[in-house]
Each structure stands twice: as C-alpha cells, then as structure tokens.
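Input: a single structure, listed below in structure tokens.
Values in this document were obtained by computation on a predicted structure and should not be read as measured data.
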Amino acid sequence: TCLLYTSDRTRRAERGIHWEWKGVCGSEFGIHWEWKAGSSSGIGFHFKWKDETGSLPVSYTHLYSYAGGFALQALRHGAVEATCVDISPRALKLCTENSELNNLGPLSTVESDAFRFLEGATPLRYDVVVVDPPKFARAQKDLPAALKGYQRLNALAMGTVRRGGLLATCSCSQLVDEQAFLRMLAAAASDAGRRVTVLYRGGQGLDHPVPPSFEEGRYLKFMLLGVL
C-alpha cells in the first residue's frame with residue numbers, strides 16, 4: 001500500500017491530515033520504503049520489478065540503484081554485503097535512509113557513473129551484479145548506439161561476477177525487444193570471455209497490463225544469468 005502525500009495544506013486540513021509533503025511511502029516484500037517527491041531519476045521507483053526484487057536473496061552490487069530496491073532485499077535475506085551504485089547523491093541518500101528505516105545493513109553506497117565504476121572494479125569481485133539502467137533508446141535513431149551501450153555495460157558487469165555467480169540485467173527501452181536483448185547479451189558474454197545461461201526471464205508485474213493489440217507495451221525486460 002502506498003500513500004501520496006498532498007502538498008495542498010488547505011486540502012490536508014479539510015481531510016484531517018497532519019503530515020508534511022515528503023513523497024510516497026509503502027511496503028513491498030517486507031521492506032518499508034520512502035520515495036522522495038521531485039526526484040531527478042529518469043525511471044524513479046516503479047513497481048515494475050516487484051516480482052524480481054523479491055526473488056534474488058543473494059549478496060550483490062546494484063548498479064543504477066535509485067532507492068535500493070534490489071540491494072535491500074538482498075540484505076533482508078541475509079546478504080553479507082550490499083553496495084548501491086548511482087550517479088545521483090540524492091538517490092544514494094535515499095538508499096541509506098531506506099536501509100535505516102528497515103534496520104538493514106551493512107549497505108555501502110558509491111557515487112559513480114556505472115560504466116566508470118565497472119571499469120575500475122576488481123575482476124571476479126561480486127557474487128551477484130544487478131544492472132537496471134534507464135532507457136538507452138528513446139527513438140529509433142538511437143537504437144544502434146543503445147545496443148552498443150547495453151553490450152558494453154553488460155560485458156563490463158560480467159567481468160566483475162565470480163565464476164558461478166549471477167548477473168541480473170534489465171532494460172526499459174521499448175525499442176529493444178527481448179530477442180534483441182538476448183542477442184546483445186550473447187555478444188556481451190563473448191566480449192567478456194564468459195559463458196552465460198539464462199536462468200530466469202521476467203518483466204513487468206500485473207500493474208503494467210498490456211492490451212492484446214499493443215505488444216510494444218511489454219517494454220520491461222529482466223534476465224537472470226548464470227555466469228561461468
């Protein structure tokens with residue numbers, strides 16, 4: 001359940017509401033959350049991955065973390081360490097606040113561009129890496145560059161996963177369909193010199209319904225890969 005706090009003080013008084021504007025709060029898979037109003041994040045916190053955030057109870061690092069959805073679930077399920085990486089200090093502050101709200105830790109935060117973070121990361125460092133970037137392809141003309149970006153990002157991520165570890169990778173680019181996404185992952189694995197298998201395919205939850213005539217609406221892609 002989520003509550004959107006109104007910023008209209010007159011309406012708050014009329015309704016007997018006594019809290020101040022903060023944003024949205026709620027709970028999901030046993031984790032309590034606060035999301036700040038006016039976030040500059042391109043994707044924000046959506047319930048799009050709610051079926052996935054509760055299905056990866058393994059310690060890992062979370063790239064493009066925003067509110068820390070994946071990382072906090074890892075800690076809740078016994079992770080020995082979790083790291084949130086985001087270029088936004090505001091997003092990382094939100095991760096820390098949500099970990100404190102739930103008495104979860106240890107949680108580390110790193111303010112960095114994801115590509116630069118991965119380029120400087122120790123090879124084979126992590127058990128699990130979660131990659132949940134914003135939309136790379138906003139128009140058809142952006143598609144070739146977007147696929148190259150996804151490929152480079154995932155190849156770098158695979159290089160940091162220990163043998164036998166996991167890579168959870170996502171895309172919210174509507175123009176990149178699932179088959180193109182899978183082909184990109186195969187190319188990324190080749191670039192990284194790693195062998196990967198698809199362990200699980202997921203996508204948007206029931207709160208993102210798609211009409212039969214609008215297949216393009218299935219724009220959210222989630223792949224859990226075993227990495228050797």
Please walk me through it: do Leu225 and Thr197 pass side chain to side chain contact (heavy atoms under 4.5 Å, CB included)? CA-CA 5 Å; Leu225 307 177; Thr197 54; over 6 Å; no

Give, for atom CZ of Phe136 and atom CG of Leu147, the distance between the pair rounded to the nearest 0.5 Å. 10.5 Å

Honestly curious: do Leu118 and Ile87 fall in one hydrophobic cluster under the side-chain, below-4.5 Å linking rule? no

Grouping I, L, V, M, F, W and Y whenever their side-chain heavy atoms are under 4.5 Å apart, do Leu92 and Leu63 come out in a common cluster? no

Side chain Lys221, main chain Val176, donor-acceptor under 3.5 Å: yes

Shortest non-hydrogen pair, Gly217 vs Gln174, comes out as N-NE2, 4.4 Å

Side chains of Thr169 and Val129: closer than 4.5 Å at any heavy-atom pair? no

Would you say Met184 and Phe115 are hydrophobically clustered, going by side-chain heavy atoms of ILVMFWY under 4.5 Å? yes

Between Ala137 and Leu175 the two heavy atoms that sit nearest each other are O-CD1, 4.1 Å

Do Tyr126 and Thr160 make a side-chain contact, defined as non-hydrogen atoms from C-beta onward lying under 4.5 Å apart? yes

Leu104 and Leu72: which non-hydrogen atoms are nearest, and at how many Å? CD1-O, 3.6 Å

Are any non-hydrogen side-chain atoms of Val130 and Thr61 less than 4.5 angstrom apart? no

Using side chain to side chain contact (heavy atoms under 4.5 Å, CB included), reason through His62 and Thr83 one step at a time and then give a plain yes or no. CA-CA 6 Å; His62 182 185; Thr83 302; over 6 Å; no

Shared hydrophobic cluster for Met158 and Val85 (ILVMFWY, side-chain gaps under 4.5 Å): yes

Phe222 side chain near Leu224 side chain, heavy-atom distance below 4.5 Å: yes

So Leu167 and Val131, do their side chains get closer than 4.5 Å, heavy atoms only? yes

If you round to the nearest 0.5 Å, how far is OG of Ser99 from CG of Leu94? 10.0 Å

For the atom pair SG (Cys172) and OH (Tyr219), what is the distance rounded to the nearest 0.5 Å? 7.0 Å

Using a 3.5 Å distance criterion without hydrogens, assess whether the side chain of Ser88 forms a donor-acceptor pair with backbone atoms of Ala91. yes

Got a second to check how far Tyr66's OH is from Cys95's SG, nearest 0.5 Å? 9.5 Å

Mind jotting down which residue pairs meet the salt bridge (Lys or Arg N to Asp or Glu O under 4.0 Å) criterion with at least one end in residues 174-184? Sequence neighbours excluded, please. Glu178-Arg201

Before you tell me yes or no, could you show the steps for Val128 and Val161 under side chain to side chain contact (heavy atoms under 4.5 Å, CB included), namely the whole-Å CA-CA distance, both residues' side-chain angles and the distance that decides it to 0.1 Å? CA-CA 6 Å; Val128 176; Val161 179; over 6 Å; no

Shared ILVMFWY cluster between Leu228 and Val196, side chains joined below 4.5 angstrom? no

State, without any angle test, whether Tyr150 and Ser171 hold a side-chain donor-acceptor pair at a distance under 3.5 Å. yes

Do Pro133 and Leu153 have side chains that get closer than 4.5 Å, going by heavy atoms? yes

Between the side chain of His208 and the main-chain N/O of Gln204, is any donor-acceptor distance below 3.5 Å? no

Mark yes or no for whether Asn154, through its side chain, and Ala188, through its backbone, hold a donor-acceptor pair below 3.5 Å. no

Point-to-point distance, once rounded to the nearest 0.5 Å, from CG of Leu124 to CZ of Arg194: 5.5 Å

Nearest-0.5 Å distance, CZ of residue Arg90 to CD of residue Glu111: 14.0 Å

Could you check whether Glu100 pairs with Lys93 (Lys NZ or Arg NE/NH1/NH2 to Asp/Glu carboxylate O, under 4.0 Å)? no

Would you mind reporting whether Leu107 and Leu75 have side-chain heavy atoms less than 4.5 Å apart? yes

Heavy-atom pair of closest approach, residues Val227 and Leu166: CG2-C, 4.4 Å

Inspect the surroundings of CZ in Arg162 and state if more than 12 heavy atoms from other residues, nucleotides or ligands are less than 6.0 Å away. yes

Closest non-hydrogen atom pair, Pro144 against Gln140: CD-O, 4.0 Å

Student check: side-chain heavy atoms of Glu119 and Arg152 closer than 4.5 Å: yes

